[in-house]
Amino acid sequence: MDMRNAANVRRLANQYAAQLQQCCPHNPMSYSIARTVHAHMIASGFKPRGYILNRLIDVYCKSSDLVSAHHLFDEIRQPDIVARTTLIAAHSSAGNSNLAREIFFATPLGIRDTVCYNAMITGYSHNNDGFGAIELFRDLLRNGFRPDNFTFTSVLGALALIVEDEKQCQQIHCAVVKSGSGFVTSVLNALLSVFVKCASSPLVSSSSLMAAARKLFDEMTERDELSWTTMIAGYVRNGELDAARQFLDGMTEKLVVAWNAMISGYVHHGFFLEALEMFRKMYLLGIQWDEFTYTSVLSACANAGFFLHGKQVHAYILRTEPRPSLDFSLSVNNALATLYWKCGKVDEARQVFNQMPVKDLVSWNAILSGYVNAGRIDEAKSFFEEMPERNLLTWTVMISGLAQNGFGEESLKLFNRMKSEGFEPCDYAFAGAIIACAWLAALMHGRQLHAQLVRLGFDSSLSAGNALITMYAKCGVVEAAHCLFLTMPYLDSVSWNAMIAALGQHGHGAQALELFELMLKEDILPDRITFLTVLSTCSHAGLVEEGHRYFKSMSGLYGICPGEDHYARMIDLLCRAGKFSEAKDMIETMPVEPGPPIWEALLAGCRIHGNMDLGIQAAERLFELMPQHDGTYVLLSNMYATVGRWDDVAKVRKLMRDKGVKKEPGCSWIEVENKVHVFLVDDIVHPEVQAVYNYLEELGLKMRKLGYIPDTKFVLHDMESEQKEYVLSTHSEKLAVGFGLLKLPLGATVRVFKNLRICGDCHNAFKFMSKVVEREIVVRDGKRFHHFKNGECSCGNYW
DNA sequence: GTAGGGTTAG
């Protein structure tokens, strides 16, 4: 090598070293400096070694670019222990414990040191492998390395994962004292967290362990931020919020981190007002807020729906943080995007997102959730495809979003695509797919998912269990839903609500209310949805007195202010029972302006009882409020048709045509041998429909012998009565039931699903059918279930 | 040690 070249290399080396020295955690430009320097090295043919190489690896690691770091590492023939340790530590904290282990065990014993052991022990802990960490600690001792304070700290971190009782905690305490590290704050902090984590195990007495932790804390000669926050977070974890607060109030020093821990505890437990109050108090006491404070408080606002408070915090941040660091900007902007979408302002959330200097998966997922939640499925779909990366949560949001918005098939397809792209579905993803089956009434498919859940060990999952209850109920198998409800290891209010609703929809009104009473007895607090369900049940079962009583108890006993939907249920209840003047009174005196749900309930009630005047009034209000809604026109024309006012029927139809409103076509479907068969009115598409027509005709003769007479008032056009009977006999629900009777094994229950309400004549016909064929026929219509058995229907002709 | 996603019920 000639002298000039050697000098040049030295000059470059000095220059690179100086440039890389500017890279430090506080410098937001670190990563781009490293990239530039690195590119320059490649261009000038400079081969980095030693310090420069290790610095480069270090900066890449600290900037989370592990790919580049590992790439550089692989180019070195014999990396030194510093390079190895840097990468082991980085992989460890990123959760790539496999890669960390690979490097560690490829490191010859001769060059290992305590530091690299420490990094690897931490790696095991990060991967929740407490035993692996302890094993490696033993290896360290066996090979004659001296554990240092970092070693003890990381080993304690691992022990925190596996300790089982107070006795073990005390033994570990003794070992720490014996090791001579009993005065080192960082080691004692780690010991504190062993106690605190053990306290949250369901097998031990948390109060006694927290007391032991408190004793340890009090005996510490020196305490740092971590000691305080460990204690507060410990109390919070164990649900002792008051103790945490007392502890915090006893602090002479006002540490932001400690306050943050308290605020996030409040948020976590749903005490949003308390969180806001603390935020205010921090201002009064002059404790400087940081990004953790902001994110927690914004989360409180988002979850409590305090939109205006959240907006104020946003404005304050914009005013006081003109040049936020990237970390600050990322976390706070994510919290802001979440605030906006949860308050129903997706477009504002998107605005925040668009202006973010850096984004991560959390940001993308927030916007996706926003679109899904707003029912803007098309935008959600394209946003989903645009995403640079996805995680379990992304898939879950999209799968359940599709299911909830009626795209059942697409939802199930996405569930399969998720698996094919290498994501193992979690219980939440299963819940989404199961709900898709519920809407599709795809019982077989739902059962298969249930079986997979059990196989994967998710059978004690609350979310999946609740989804299964709903699925079985919506597929017409209440017994399966009930059985699941009785055997689930944990239940929450959602489970109770789902089960009560299931019983109510299937006509078991008394049982539903019994379950509701049991819920109260078990001290499960009913929420607004519980009451919606209970009121619907009363309405389906015609229980006016009970309905009134429960409605009153809502605000009287449980402090839940009835919303418009609750009033709508009451109107429904009263109208069905023919109590129109009471219903009118309620509409006139209710505290909120009556909207579409109220008038719809009134109209539906009027139709049942043929109350023309009131029905027309309700319909007029609905025409004003939602002129494009097909249901109103259909109900009104039904009303006219029942009393033979065919001129008015024609007028309504013309009105519909003029406004361009189309009636949703009726369709029914049935699952046979894992395949869904769909039928439309007067179907000619289904390949086997002719056989169904023949069978129904044959069945019709037997039914007539038992007294069945086609009820032609359910035909809405004015035509000859023979023709009317023909139209009735081609209704989609009759075809689906006929197909089921033909195809399903003898004696098996026939389960048919219809998008709209069942027609009155079909309802009557199925009663006779169930008697003739001696089988149970279950029909789910747009509103509820009908179980036909021995000539009777579970709805008691009240629907 | 403190934050920023999800799910199920009408």
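Just so it is clear, the structure is predicted and the values come from calculations on it, not from any experiment. Per chain, numbering begins at 1; letters A, B, ... match sequence-line order.
A/Q404 is linked by a side-chain contact (heavy atoms from CB on, under 4.5 Å) to A/I435, counting only residues two or more places apart in sequence or in another chain. For A/E410, the side chain to side chain donor-acceptor pair (under 3.5 Å) partners at least two apart in sequence or on another chain are A/K381. Contacts of A/V592 classified as side-chain contact (heavy atoms from CB on, under 4.5 Å), with partners at least two apart in sequence or in another chain: A/M590. Applying the side chain to side chain donor-acceptor pair (under 3.5 Å) test to A/E600 and every residue at least two apart in sequence or in another chain returns A/H629. By the side chain to side chain donor-acceptor pair (under 3.5 Å) test, A/S206 is found to be paired with no residue, residues two or more places apart in sequence or in another chain being considered. In this structure A/N405 satisfies the side chain to side chain donor-acceptor pair (under 3.5 Å) test with no other residue, sequence neighbours excluded. In this structure, A/R223 has no salt bridge (charged side-chain N to carboxylate O under 4.0 Å, His left out) partners at least two apart in sequence or on a different chain.
Side-chain rings of A/F384 and A/W395 approach one another, their centers coming within less than 6.0 Å. Aromatic rings of A/F551 and A/F531 (six-membered ring for Trp) have centroids beyond the 6.0 Å cut-off, not under it. For A/H450 and A/Y472, the gap between ring centers is short of 6.0 Å. Ring centroids of A/Y550 and A/F516 are separated by less than 6.0 Å, placing the two rings close together.
Among the heavy atoms of the strands lying under 4.0 Å from A/S296 are primed sugar atoms or P, OP1, OP2 only; no base atom is included. At the heavy-atom level, A/E291 lies nowhere under 4.0 Å from the strands shown. Residue A/D565 is classed as a base contact, given a heavy-atom separation below 4.0 Å to a base. Within 4.0 Å (heavy atoms only), A/N391 reaches at least one base atom of the nucleic acid. Nucleic acid contact for A/R528: none, since no nucleic acid atom lies under 4.0 Å from a heavy atom of the residue. Using a 4.0 Å heavy-atom distance criterion, A/D360 is classed as a base contact. Within 4.0 Å of A/D527, counting heavy atoms only, lies at least one base atom of the nucleic acid. Heavy atoms of A/I434 sit nowhere under 4.0 angstrom from any nucleic acid atom. A/K342 comes within contact range of the sugar-phosphate backbone alone, with a heavy-atom separation under 4.0 Å but no base atom that close.
In textbook terms, a nucleotide whose glycosidic angle is within 90° of 0 is syn, and B/dG5 is one such case.
Between A/W228 and A/F247, the ring planes lie tilted relative to each other; the angle falls in the 30° to 60° range. A parallel orientation is assigned to the rings of A/W289 and A/F279, their planes being inclined by less than 30° (bins at 30° and 60°).
Taking a 4.0 Å limit (strictly below) on heavy-atom distances, residues 490-505 of chain A reaches DNA chain B at A/V494, A/N497, A/A498, A/A501, A/Q505. Proximity of residues 392-401 of chain A to DNA chain B (heavy atom under 4.0 angstrom from any strand atom) is restricted to A/L393, A/T396, A/V397, A/S400. Within a heavy-atom distance below 4.0 Å of DNA chain B, the residues of residues 459-467 of chain A found are A/S463, A/N466.
For DNA chain B, the contact window with chain A, defined by any atom under 4.0 Å from a protein heavy atom, covers B/dG1 to B/dG10 in 5' to 3' order.
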N/O donor to acceptor pairs below 3.5 angstrom from side-chain atoms of residues 482-490 of chain A, sequence neighbours left out:
from   : atom 1 : to     : atom 2 : distance (Å)
A/T487 : OG1    : A/C483 : O      : 3.0
A/T487 : OG1    : A/L484 : O      : 3.2

